[in-house]
Amino acid sequence: MREDVESLDIRDVTANWVNAIVLQAQIDDRIKALADLAHTPLFFGRLNYLHAPGASVAEGAEGEQFYIGRRHVHDAGGDPMVIDWRAPVSQPFYRASKTDPQDIALRRRFGYTGGELTAYEDEHLSDPAEASAVSKLLQQEIERPRVGPMRDIVATIQPEQDEIVRSGLGGSVCVQGGPGTGKTAVGLHRVAYLLYAHRDRLARTGTLVIGPNRSFLHYIEQVLPALGELEVKQATVDDLVARPGVAEIRAVDQAETAVVKGDARMAEVLRRAVRSHVTLPTEPLMVVRGSRRWRVPAYELAEIVEELQNRDIRYGAAHDALPQRIAHTVLVRMEQAGEAPDDRVQDAVARNPAVKAAVKQMWPPVDPAKLVLRLLADPEFLAEHAEGILTEDEQKLLLWPKPFRSVKAAKWSPADLVLIDEANDLVERTHSLGHVVLDEAQDLSPMQYRAVGRRCTTGSATVLGDLAQGTTPWATRSWAEALGHLGKPEAVLEELTAGFRVPREVIAYASRLLPEISPGLAAVSSVRETPGSLDVRAVPAADELTGAVVAACRQALAHEGSIGLIAADARVGGLGEALLAAGLPYLAPGEETTAESRLTLVPASLAKGLEYDYVVLDEPSAIVDGEPDERTGLRRLYVCLTRAVSGLTALHTSALPAALA
């Protein structure tokens with residue numbers, strides 16, 4: 001298939017050089033999408049239908065056989081050899097069961113090692129004599145050690161995951177899923193499915209995956225290309241609201257300040273501040289055209305301004321509409337005087353210097369960054385527009401100790417740029433995409449939710465997260481509240497409670513923290529029982545802890561797969577030195593593991609969303625103490641405890657949190 005595309009000759013089918021460039025770019029993208037993937041088979045399953053799909057049982061149509069794979073593959077004659085996993089005919093591979101065979105006689109799973117076929121396993125779903133059994137190949141694929149970035153789960157999607165993956169483009173979905181339930185993979189595979197089912201529409205409107213940080217995005221970035229999808233953009237919230245060359249992030253807010261800046265009430269403060277620039281006229285407007293003078297009284301101008309205010313359209317759109325509205329009023333007077341003006345006359349009047357001056361006085365342009373700069377620097381301006389919304393103490397938290405003279409000189413924080421983004425949307429509408437996936441959503445502030453929601457006002461969203469893993473002071477308290485800020489209150493809430501990645505012993509240990517960090521949230525029930533996967537060791541003396549951690553890393557490296565050493569941010573530097581001194585080179589989060597370099601040193605603040613076959617956890621109490629409050633610290637610890645796929649070793653000298661002791 002790739003060679004067919006490479007051999008295309010487009011010289012005689014392009015009308016001009018522009019068409020040739022566009023067509024060649026499309027061909028290059030197609031070649032990239034058809035690239036071979038090392039150690040990745042083209043198919044992983046087979047379905048034998050009792051009857052031809054679409055035919056009624058009464059017709060007695062002979063059954064058909066389909067191979068299921070990551071990509072559609074056809075032979076030289078164009079006949080399909082492998083069916084894309086997203087096609088309707090492939091759906092029973094994930095949904096069929098002994099109780100609901102869905103007209104499937106045989107489901108076959110193939111096992112591969114390094115791309116070589118090594119096993120197969122059959123289920124005769126329509127045979128009542130055969131008992132239902134757990135697929136060993138499925139379990140082995142889930143537990144297979146990983147090196148490198150996150151890989152797709154297309155061969156192991158479970159029925160409850162498949163329902164979310166194949167839900168329609170029209171509605172938004174929120175997925176609450178504990179550690180190891182596959183919510184991130186489900187979100188990415190949902191993007192791939194939507195691109196398959198609605199390719200033309202999403203090609204026009206665009207798709208976006210939003211993650212918590214660059215390390216996380218690097219970890220997941222190969223999943224969609226492995227499924228043949230190359231056009232999906234990835235970003236963090238900071239990337240979304242960035243204003244390069246205008247306002248640069250050069251500061252970090254104190255937690256209590258960031259909480260106020262991220263509060264949804266700030267949207268109303270900004271709306272008031274933007275609208276405060278509108279001034280009702282006190283003088284009439286005189287427009288001179290040739291030898292005639294046309295007068296528009298102040299009360300008529302005020303009526304036009306008030307009507308635009310009442311329509312509550314974007315500030316910038318109203319600014320652009322105002323001169324045309326004034327010009328229309330002048331044209332009415334011209335017609336009453338017997339003239340016959342046309343649209344060109346109206347445009348000329350709208351550009352008249354007197355009209356432009358009046359518009360500037362009544363509805364002046366607003367620069368979003370300058371507006372936020374003034375709010376954070378001018379106590380009187382802030383107090384005027386925050387009255388009845390923010391308390392005096394909250395206003396004091398917002399104000400800079402020393403005001404900056406200009407937008408470029410200011411030391412903006414990430415929360416400040418979200419405020420600028422909100423102000424910018426009040427002035428001019430933010431472009432909306434067709435679909436947005438928001439991962440690790442529980443850590444967003446209400447204002448950050450609003451920033452993401454602006455990117456999908458006319459599209460849909462897939463929101464992924466776990467309330468128990470919220471590790472910011474402004475972490476989401478409920479999905480209903482979060483979806484309201486996102487502008488998607490109608491989104492369907494789905495909950496994934498079956499864990500496939502984290503061993504039962506490890507998740508049960510971590511779940512002891514749930515009553516304290518997220519009361520009422522159901523614990524994950526892992527399907528994987530792995531005796532010996534949890535090892536919690538007390539180290540007698542504090543000066544022996546680092547040595548014990550290094551020894552545990554060396555011990556973990558004897559296993560196959562990736563190793564993550566997770567520690568409180570403050571301890572990472574010392575542990576890094578100790579690893580190098582012991583001859584154990586390590587990677588930073590986001591750097592790709594290889595067969596030769598499998599150990600990653602992970603600050604606790606960056607552990608979210610990452611997975612390692614074996615995790616060594618350094619001093620749990622230090623992770624808790626590194627956060628502003630105990631609840632946030634325990635949530636951070638819950639995240640760190642649940643990063644292991646095969647085994648967790650936790651070492652400590654200080655007392656463990658009471659729930660774990």
Side-chain angles (χ1 to χ4, degrees), residues 144-151 179 184 211-222 440 471 501-503 506 510 533-537 539 542-627 636-654:
R144 182 159 57 94
R146 75 260 327 285
V147 170
M150 180 181 180
R151 60 175 181 251
T184 296
N213 52 57
R214 282 273 143 214
S215 298
F216 178 83
L217 292 178
H218 186 73
Y219 176 63
I220 68 169
E221 68 184 358
Q222 293 305 316
E440 300 296 347
T471 51
R501 305 295 306 151
V502 185
V506 174
S533 57
L534 176 66
D535 183 8
V536 182
R537 303 181 201 165
V539 179
D543 58 356
E544 297 175 6
L545 179 61
T546 298
V549 168
V550 172
C553 289
R554 196 182 296 280
Q555 186 179 355
L557 284 165
H559 296 288
E560 189 181 356
S562 58
I563 315 297
L565 168 55
I566 304 177
D569 291 29
R571 283 186 50 82
V572 165
L575 287 169
E577 292 174 5
L579 288 172
L580 293 177
L584 295 178
Y586 61 88
L587 303 167
E591 293 181 324
E592 196 168 310
T593 53
T594 64
E596 294 72 35
S597 189
R598 299 184 289 121
L599 174 62
T600 303
L601 177 56
V602 187
S605 61
L606 295 181
K608 189 169 297 177
L610 305 180
E611 284 184 344
Y612 301 93
D613 288 296
Y614 291 88
V615 167
V616 177
L617 185 65
D618 170 83
E619 195 60 279
S621 63
I623 293 171
V624 177
D625 294 342
E627 299 299 327
R636 181 77 70 191
L637 178 58
Y638 179 76
V639 171
C640 296
L641 286 168
T642 53
R643 299 305 94 201
V645 174
S646 295
L648 169 69
T649 301
L651 298 101
H652 66 98
T653 53
S654 301

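What you see is a predicted model, and the numbers here were worked out from it, not measured in a lab.
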When you compare the side chains of Thr600 and Glu591, does any donor N or O come within less than 3.5 Å of an acceptor on the partner?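 Glu591 and Thr600 do not have a side-chain donor-acceptor pair below 3.5 Å.
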In chain order, what residues pass the side chain to side chain contact (heavy atoms under 4.5 Å, CB included) check against Glu560, with sequence neighbours excluded?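 Applying side chain to side chain contact (heavy atoms under 4.5 Å, CB included) to Glu560 gives Pro145.
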Residues that Glu577 engages under side chain to side chain contact (heavy atoms under 4.5 Å, CB included), provided they are two or more places apart: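 Checked Glu577 against side chain to side chain contact (heavy atoms under 4.5 Å, CB included); zero matches.
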Would you compute the distance between atom [atom1] of [X] and atom [atom2] of [Y] and round it to the nearest 0.5 angstrom?
{"X": "Glu440", "Y": "Thr184", "atom1": "CD", "atom2": "OG1", "result": "5.5 Å"}
{"X": "Leu584", "Y": "Leu575", "atom1": "CG", "atom2": "CG", "result": "12.0 Å"}
{"X": "Tyr612", "Y": "Ile566", "atom1": "OH", "atom2": "CD1", "result": "7.0 Å"}
{"X": "Leu637", "Y": "Thr471", "atom1": "CG", "atom2": "OG1", "result": "12.0 Å"}
{"X": "Leu617", "Y": "Cys640", "atom1": "CG", "atom2": "SG", "result": "6.0 Å"}

What are the two closest heavy atoms between [X] and [Y], and how far apart are they?
{"X": "Ala604", "Y": "Ala568", "result": "CB-CA, 4.3 Å"}
{"X": "Pro603", "Y": "Val572", "result": "CA-CG2, 3.7 Å"}
{"X": "Leu545", "Y": "His652", "result": "CD1-N, 4.1 Å"}
{"X": "Pro179", "Y": "Tyr638", "result": "CD-OH, 3.3 Å"}
{"X": "Ala567", "Y": "Ile623", "result": "C-CG1, 4.2 Å"}
{"X": "Glu611", "Y": "Tyr219", "result": "CB-OH, 3.4 Å"}

[X] side chain to [Y] backbone, donor-acceptor under 3.5 Å:
{"X": "Asp613", "Y": "Ser562", "answer": "yes"}
{"X": "Glu619", "Y": "Thr653", "answer": "yes"}
{"X": "Arg598", "Y": "Ile563", "answer": "no"}

Taking only residues two or more places apart in sequence or in another chain, which ones pass side chain to side chain donor-acceptor pair (under 3.5 Å) with [X]?
{"X": "Ser654", "result": "none"}
{"X": "Thr649", "result": "none"}
{"X": "Ser215", "result": "none"}

Kindly state each residue pair satisfying salt bridge (Lys or Arg N to Asp or Glu O under 4.0 Å) with at least one member in residues 561-576, sequence neighbours excluded.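 Qualifying pairs: Arg571-Asp618.
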Which residue pairs pass the salt bridge (Lys or Arg N to Asp or Glu O under 4.0 Å) test with at least one member in residues 549-559, sequence neighbours excluded?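 Not a single pair qualifies under salt bridge (Lys or Arg N to Asp or Glu O under 4.0 Å).
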What pairs with Glu627 under salt bridge (Lys or Arg N to Asp or Glu O under 4.0 Å), at least two apart in sequence or on another chain?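 For Glu627, the residues satisfying salt bridge (Lys or Arg N to Asp or Glu O under 4.0 Å) (neighbours in sequence not counted) are Arg636.
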Could you work out, with salt bridge (Lys or Arg N to Asp or Glu O under 4.0 Å) as the rule, every residue matching Asp535, not counting sequence neighbours?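 Expected list: Arg537.
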Results of ring-ring contact (aromatic ring centres under 6.0 Å, His included) for Tyr614 - residues two or more places apart only: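 Tyr614 satisfies ring-ring contact (aromatic ring centres under 6.0 Å, His included) with His559 only.
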Qualifying ring-ring contact (aromatic ring centres under 6.0 Å, His included) pairs with a residue from residues 575-595, counting only residues at least two apart or across chains: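 Output for this query is empty, none listed.
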Could you list all the ring-ring contact (aromatic ring centres under 6.0 Å, His included) pairs where at least one residue sits in residues 588-611, not counting sequence neighbours?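 Not a single pair qualifies under ring-ring contact (aromatic ring centres under 6.0 Å, His included).
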